[in-house]
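For reference, the structure discussed in these notes is given below.
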Amino acid sequence: MSKVKKLSKTFPQLKSLNELLSYVDATHKDKVAFRYKSANDVVEVTYSQFKSDVDAFGTYLHSLGLKDKHVALVGENSYEWIVAYFAVVCGGGVIIPVDKELHAQDICELLDRSDSVAFIHSNKYIEAANMAEGKLCLNLKDYPSFAEKGRELLSAGEKSFVDCPVDIEKLCTIIYTSGTTGKPKGVMLCQKGITVDAVDACEFAELLGSNLTALPLHHSFAFTACVVAALVQGVTVFINNSLKDLFKDFGIAKPYHFLAVPMMLEAIYKKINKAIDKSGKRKLINMVIALNKALLKVGIDIRHILFKQIREPFGGNLQLLVTGGAVANPAVIQGLVDLGFIVLNGYGISECSPIVSVNATYDWKIGTIGKVLKGCEVKIIDGEICVRGDIVMLGYYKNPEATAETFDGEWFKTGDLGYFDEDGFLYINGRKKNLIILNNGKNVSPEELEVLISNIENVVEVVVYGEDDLIAAEIFAEDKTGIEEGIAKINETLPKYKKINRIKFRDTEFEKTTTKKIKR
């Protein structure tokens, strides 16, 4: 466990996105809220301009009769996407953020399933728009003209949007899950849940510089943590619209903070280690790591000086890495911490707006998913993490059977297995539905074994499962050297029923969800 100084400021107890917009306009007015690339330029938008843009676009949407209506939204990460989300929700409507990796036919199916009457899309999704019969389609390439029409209406005295009363506990968004198994379900969230979740998360980490946003914004983790929480703290969000430009954008954005799924975290760690090996300075870096650990023990923290060169490929300012969305490898987290980064592992699920717990910059423990946010309660019921509180969903859209199945009274059953330690830190040790139950009655968590195997050199991806009452591991590796020997060493440390008896190699990566989780 490690501790650094506690946060120097507190955050307002906001309860809605409308309240958030008013707060940031009054408090952060002339500060830069968003930066993004446009052609060869980098555009900057202040907080007051953002509020003005939301009011204009929202007023235009109201003029089209979309107040209180369901509106689907799909596109690459962009400023216009964020404005559209706020414009629908703050005007009393229901936004349906659609997975941008879906095919046109699947997008249209979600439009129908969600009862969307309108479809806001980037130019890339013209095919889906053409197939969306009976829907009002708005192309975000025409956003400037939409906003201008809204401003004209505002100037003429139209106030239906800016004066729109909003019920903060009413449905405001339907998020279709991208789970690793089964058909997506529509998670119903309200403004209060999303906003409270973001504000409570801020109390675990103060952002001391800008934020680079690369995760797809249709995912609740990205929107709540990268956009809403950043706005609460009044920092600048740099919007990355393509992962192929990610490392180039680090140089432009020079962020302090970056939120990543574990796969991204591993990519950053590998990039750093590759650069160290290429430079021939591995022995020197190990000596610096040892020196840093000794200094930290006596309260001296000069990581920003010792590891300055390592931060250069990421813009020079990167310090805070927050990861969630899947189980993160503790060895990767420890490796990044040793190199001077602060790495906070957290836990969330779309049905909880989505953040449930997170490590704090002033109180963290590697291998855990942190402590529970104050806006909710967590209880372990039969080994399963269960949650109740303002952040919990209203239910699954038009699916009362699934809703009833996933609640135990007020408690939402996450499907994740976990436990608390004596210090109040929460641990996750797998998915209930993935649990391998052997004939002898023993239960094996595949995720526990996958973390061990992923630490073997040359292993790129692994899935562990039960086969003929034995434990099997399927592995993707471009170089198989040393893997079987590594698994043999792991088996020496395991009880007989957990030993990996079968190893299969595959030639291609596993199929993944758009949030980079392997589909089982």
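Since the structure is predicted, the reported quantities are computational estimates derived from the model, not experimental observations. Throughout, residue positions are numbered sequentially from 1 according to the sequence presented.
The cationic atom of K371 (NZ for Lys, CZ for Arg) lies less than 6.0 Å from the six-membered ring centre of F425 and within 45° of the ring axis. Taking the ring axis of F119 as reference, the NZ or CZ atom of K135 does not stay both within 45° of it and closer than 6.0 Å to the ring centre.
A salt bridge is absent between R520 and E511; no separation between the charged side-chain nitrogens and carboxylate oxygens falls under 4.0 Å. The pair K504-E474 does not meet the salt-bridge criterion, since no charged nitrogen lies less than 4.0 angstrom from a carboxylate oxygen. Salt bridge D115/K69: absent, no basic N to carboxylate O contact under 4.0 Å. Using a cut-off of 4.0 Å between Lys/Arg side-chain N and Asp/Glu carboxylate O, D416 and R431 are scored as salt-bridged. A salt bridge is absent between K15 and D390: the closest approach of a Lys/Arg side-chain nitrogen to an acidic carboxylate oxygen does not fall below 4.0 angstrom. With respect to E484 and K489, no salt bridge is recorded, no charged nitrogen being found less than 4.0 Å from a carboxylate O. Salt bridge annotation for E509-R506: absent, with no cationic side-chain nitrogen under 4.0 angstrom from a carboxylate oxygen.
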Intermediate values then yes/no, side chain to side chain contact (heavy atoms under 4.5 Å, CB included), F407 and V392: CA-CA 10 Å; F407 276 92; V392 175; 3.8 Å; yes
Given ring-ring contact (aromatic ring centres under 6.0 Å, His included), test H70 with Y397 step by step and report yes or no. CA-CA 12 Å; H70 289 206; Y397 189 63; 5.7 Å; yes
side-chain hydrogen bond (donor to acceptor under 3.5 Å, both in side chains), that's the test. Do N429 and E447 meet it? Break it down for me. CA-CA 7 Å; N429 52 6; E447 291 87 351; over 6 Å; no
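In this structure, the ring of H218 has its center no less than 6.0 angstrom from the ring center of Y85.
One finds the CG atom of N359 at 9.0 Å from the CZ atom of F204 (value rounded to the nearest 0.5 Å).
Residues satisfying the side-chain contact (heavy atoms from CB on, under 4.5 Å) criterion with N292, sequence neighbours excluded, are L296, R303, L306, F307. Not counting sequence neighbours, E266 has no partner by the salt bridge (Lys or Arg N to Asp or Glu O under 4.0 Å) test.
Checking side-chain atoms of E450 against main-chain N and O of V464 turns up a donor-acceptor pair under 3.5 Å. The backbone N or O of I437 sits nowhere less than 3.5 Å from a side-chain atom of N443 that would complete a donor-acceptor pair. Remark: the backbone N or O of K192 is not paired with any side-chain donor or acceptor of T195 at under 3.5 angstrom. Panel note: side chain T177, backbone K185; a donor-acceptor pair is recorded below 3.5 Å.
Across every non-hydrogen atom of V232 and P12, the tightest pair is CG1-CD, 4.5 Å. Listed here is the closest heavy atom pair of P216 and K100: CB-CE, 4.0 Å. The heavy-atom pair separating L321 from I268 by the smallest distance is CD2-CD1, 4.3 Å.
Ring planes of F223 and F86: tilted class, angle from 30 to 60°. Between F34 and F50, the ring planes are perpendicular. Angles over 60° get that label, and only those under 30° would be called parallel.
The side chain to side chain contact (heavy atoms under 4.5 Å, CB included) with L212 is formed by just one residue from the set V237, L259, T236, L246; it is L246. A ring pair (Phe, Tyr, Trp, His ring centres under 6.0 Å) with F258 is found for one member of F341, F250, F314 and no other, namely F250.
Judged by distance alone, the side chains of D99 and Y176 never bring a donor and an acceptor atom under 3.5 Å apart. N455 and N329 share a side-chain donor-acceptor pair at under 3.5 Å. The closest side-chain donor-acceptor pair between Y396 and E401, if any, does not fall under 3.5 angstrom.
Counted within 6.0 Å of CD on E478, heavy atoms from surrounding residues, nucleotides or ligands total 12 or fewer; the atom is thus considered open. The neighbour count for E467 CD, taken as heavy atoms of other residues, nucleotides or ligands under 6.0 Å away, is above 12. The number of heavy-atom neighbours closer than 6.0 Å to NZ of K9, taken from other residues, nucleotides and ligands shown, is above 12.
Considering only heavy atoms from C-beta on, L320 stays 4.5 Å or farther from V343 through its side chain.
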